[in-house]
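Have a look at the structure below, then the notes.
Values in this document were obtained by computation on a predicted structure and should not be read as measured data. Proteins get letters first, then strands, A, B, ... in listed order; numbering begins at 1 in each.
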Amino acid sequence: MNQLIHKQENKTELAAQDQLRQYLTFRAGNENLAISILDVKEIIEINTITDVPMTPEYIRGVINLRGNVVPVIDLSARLGRQSSEITKRSCIVLVQVEYNEDAQLLGMLVDAVDEILEIPEANIMPPPDFGADIRTDFIQSMGRVGDEFIILLNINRVLSIKELSQLKQVAEYEGGNTNKETSFTALN
Amino acid sequence: MSDMNPALETFSQEVDELLTAMEEALLGLEGAPDDADCINSIFRAMHTIKGSSGLFGFDDVVAFTHEAETVLDRVRNGERLIDAELISVLLACKDHTAQLIQHVLFNEGEPLPEALQQQNQALIVRLTGAPAAGGMPSTQEEKADHFEVDPNTSNSSDNWVISLAFKKDALRNGMDPLSFIRYLQTLGKIIEVIITMPALPRIEDMVPEDCYLNFKIAFNSSADKKTIEDVFEFAEDDCDIHILPPNSRQEHYVQLLANLPEDQVKRLGEMLVEIGALTEKEVANTLHEQREDDDAEAKPLGERLVEKNILQQPVIEQALKKQEAVKQKINKESNYIRVDAAKLGYLINLVGELVISGAAMRLMVDKHGLSDVDDVASTMSHLVEDIRDTALQLRMVQIGETFTRFQRVVHDVSKELGKQIQLQITGGESELDKTVVEKINDPLTHLVRNSLDHGIESPEVRVRAGKPEKGTIQLNAYHDSGRIVIQISDDGKGLDPERIVAKAIAKGLIKPDQVLSKSEIYSLIFEPGLSTKEEASNLSGRGVGMDVVKRNIEALRGSVSVDSELGQGTSVTIHLPLTLAIIDGFMVEAQQERYIIPLSMVEECVEMNSDEWQIDDVQHYVNLRGQVLPYLRLGDFFHNNKKHTRTQRESLVVVRFGEAKAGFVVDELHGENQTVIKPLGKLFENLDGIGGATVLGSGDVALILDVQGLIHHAKKRANPALALLSGV
């Protein structure tokens with residue numbers, strides 16, 4: 001769905017080349033990253049995160065968002081880096097992802113939220129084919145801001161429910177007791 | 001004939017309705033073969049169709065429905081038993097009748113096509129067990145335009161007296177008085193017919209198309225009043241009809257009145273209709289008249305009925321007496337309100353929030369030590385608890401309705417497979433949440449179909465095995481420690497452990513040298529890709545199904561297990577929570593995280609103390625009063641890569657699920673609380689051992705343990721070779 005919408009947007013933007021798009025920039029694992037402002041539902045401070053056992057590192061836990069239980073993903077860990085330390089500047093960015101035509105609200109733990117940037121369409125480049133240490137399918141495009149490039153994340157890939165919920169079992173066994181799971185995976 | 005068209009249209013509509021009602025009733029009979037209402041409704045359908053068809057001269061339909069009616073009458077009188085065979089024949093009869101009607105309506109006057117004729121004969125043979133007597137019965141011969149009056153039957157007092165006063169336009173509207181009277185003969189014997197012509201004008205004023213005839217018929221029949229009245233159903237607009245029951249019926253009616261159940265206060269008219277002394281039309285007409293002359297002396301219904309010669313005095317008296325008796329017995333009636341399910345859902349959500357904020361308030365009160373608020377707070381907690389229970393109760397429905405739906409499945413499928421199978425339902429009154437009921441339907445269908453297809457053998461095989469020819473599938477439900485248990489069992493051939501093992505090895509699910517217990521082997525059938533039937537049928541056997549069943553049930557926080565005896569049958573047991581919304585929970589703490597264990601599963605809590613119990617810390621079991629109890633240290637289990645500080649006093653929570661017990665070692669006990677279940681969402685749907693989450697009074701989230709899943713998971717970790725086995 002979202003991709004479809006993006007496609008449509010891209011088309012209209014071709015017509016108006018100078019149109020600006022807004023991105024929320026934040027830091028996770030010593031890296032400057034951004035997502036389209038349209039994907040962001042809300043940004044909240046961190047209260048208590050309840051740990052969910054038997055899940056991989058990047059599933060940080062669940063929080064109570066006005067009576068609803070919302071999972072929180074540690075973005076840094078998800079991108080293959082260290083898991084984040086919670087500091088004063090840590091925030092949870094709430095985004096909505098589609099899964100089987102259902103919308104699921106997810107929290108994304110980041111080290112700090114910086115600003116909202118306007119990047120002209122002309123300054124947005126396709127992602128590099130290789131070289132980046134983030135999985136290429138996570139990167140939607142690269143945005144040039146001044147002299148620097150900033151990675152614009154494809155939120156539906158980074159927070160793909162399908163992938164997150166499947167990887168879990170495997171990751172658990174990799175992270176957990178390493179001596180016994182081989183036969184289990186073989187059975188699967 | 002164009003004048004007849006509106007009448008034919010009514011006829012066709014009526015037949016449609018009747019046949020639909022008949023099908024419903026037939027299917028209802030599968031569940032309750034003795035249901036008199038259903039039998040009556042089927043009989044009524046056939047009977048009315050026969051009657052109406054007779055009026056239009058559709059002899060083929062009359063002939064056929066007559067046979068069906070005869071059989072049904074015997075059923076009604078208890079001379080013939082309703083069995084699956086008869087029901088299926090009657091279903092076919094229903095379809096056949098529909099075809100016949102279609103034929104006569106659209107190909108008027110043409111003879112029946114060959115195919116329909118043959119079907120006709122075949123069905124009659126199946127119905128009666130004997131070929132139909134040569135040619136069409138009764139009506140054919142009575143086609144002659146005269147009818148015999150038997151002068152020998154002379155005790156006229158014991159006859160129905162039917163007065164028919166046709167209106168002028170009767171003939172013009174397509175009514176043929178003769179056809180009614182001819183048809184009446186199929187119900188009994190016409191003793192005497194007196195024709196009067198009170199309104200006959202002089203011959204020169206006579207209009208040939210007007211009807212001037214009135215009939216008074218003495219009629220001897222065992223049919224009831226409604227049946228007789230139905231004969232004239234099509235004429236009611238063009239004819240004043242009065243039917244006075246014979247004197248012998250009086251006693252019968254009085255008797256029936258005395259036997260009426262005393263569960264409801266009924267109006268006089270209703271009671272008389274129920275016992276058959278009056279028909280609804282008569283009541284409606286009389287009441288209408290009563291309303292019209294609203295002068296001072298509006299007479300009560302009973303008096304009017306006697307006056308109009310519809311009923312005899314003693315019957316009315318008895319009815320009035322009965323009415324009074326019932327009135328005294330019952331003062332209140334039960335009331336139902338239909339409510340939108342969404343509204344109920346909203347209410348329950350609100351109650352959930354109320355429970356959470358109630359807990360928050362409790363927390364505040366305790367924190368600030370306000371003793372005078374304490375009392376108020378306690379009272380409110382109790383009220384909230386009551387509201388919660390009541391709100392949840394609102395959504396409880398009996399599982400019986402879900403069960404009875406399988407009657408048709410069993411009926412159809414067993415016919416299709418050429419097997420004889422009956423479905424027995426017990427415990428249909430057990431209640432559970434409507435949302436659970438809706439979701440259990442699919443898994444149940446799978447399991448029932450499995451039993452039908454794989455479980456029950458063909459009749460020949462069964463006889464050879466020394467079992468009754470007819471297989472039985474049982475659906476049973478009962479409550480057990482806060483959960484509902486649903487069992488689907490059959491007396492079929494059972495599961496063959498050797499074949500399951502062979503198949504599982506072939507599919508690579510287990511290793512050839514693995515030694516498995518019986519229950520472990522049976523649990524293998526819930527694994528994807530394992531189906532022991534060599535050839536797939538269109539019902540089951542493709543090896544999808546059982547694993548889906550298991551997944552669906554586990555999604556409801558339930559569990560499923562199977563037991564079987566080769567050659568004796570299979571029994572699948574499903575445990576389900578009663579509700580998906582709010583439960584009584586027991587809160588524990590391990591490694592600074594709080595967890596909720598469903599209270600219904602908690603057996604006891606003891607101190608984890610090696611002075612008292614013999615504890616084996618390597619094998620993880622404790623000798624609890626002579627019982628070996630395996631235990632799980634929750635903190636270690638959940639965070640096995642972190643360093644732990646053991647608190648001085650640990651507790652052991654003993655949980656029970658089904659037959660088995662296990663222990664959880666926790667750091668702290670926080671006691672009971674009301675737990676509003678919040679779903680964890682798609683992200684965690686593959687997570688074993690955690691059933692959901694809840695929001696605590698403090699605003700923090702606590703996880704709800706899925707005890708069974710957790711134990712299963714622990715087994716997996718401890719012994720991956722047994723990873724498949726969910727049996728305990």
Q) Roughly how far, to the nearest 0.5 Å, is CG of A:Asn64 from NZ of B:Lys678? A) 8.0 Å
Q | Heavy-atom contact with chain A under 4.5 Å, split by part of B:Leu710 | A | side chain
Q. Around A:Gln82, counting heavy atoms of other residues, nucleotides and ligands shown, do more than 12 lie under 6.0 Å from its CD?
A. no
(Q) Are A:Pro53 and B:Ile690 packed together at the side-chain level, in the sense that at least one heavy-atom pair is separated by less than 4.5 angstrom? (A) yes
Q: Give a yes or no on whether A:Phe149 atom CZ has more than 12 heavy-atom contacts from other residues, nucleotides or ligands under 6.0 Å away.
A: yes
Q | Heavy-atom closest pair, residues B:Leu683 and A:Gln104 | A | N-OE1, 4.4 Å
**Q.** Passing option when B:Phe684 is tested against A:Ile59, A:Leu164, A:Val69 for side chain to side chain contact (heavy atoms under 4.5 Å, CB included)
**A.** A:Ile59
**Q.** When B:Thr694, B:Val676, B:Val695 are compared by non-hydrogen pairs under 4.5 Å with chain A, the top option
**A.** B:Val695
Q: Mark yes when over 12 heavy atoms from residues, nucleotides or ligands other than A:Glu115 sit less than 6.0 Å from its CD; otherwise mark no.
A: yes
Q. When rounded to the nearest 0.5 angstrom, what distance separates CG in B:Leu696 from OG1 in A:Thr48?
A. 10.0 Å
Q) chain B heavy atoms under 4.5 Å from A:Leu106: which part of the residue, side chain, backbone, both or neither? A) side chain
Q | Structural part of A:Val52 lying under 4.5 Å from a heavy atom of chain B | A | both
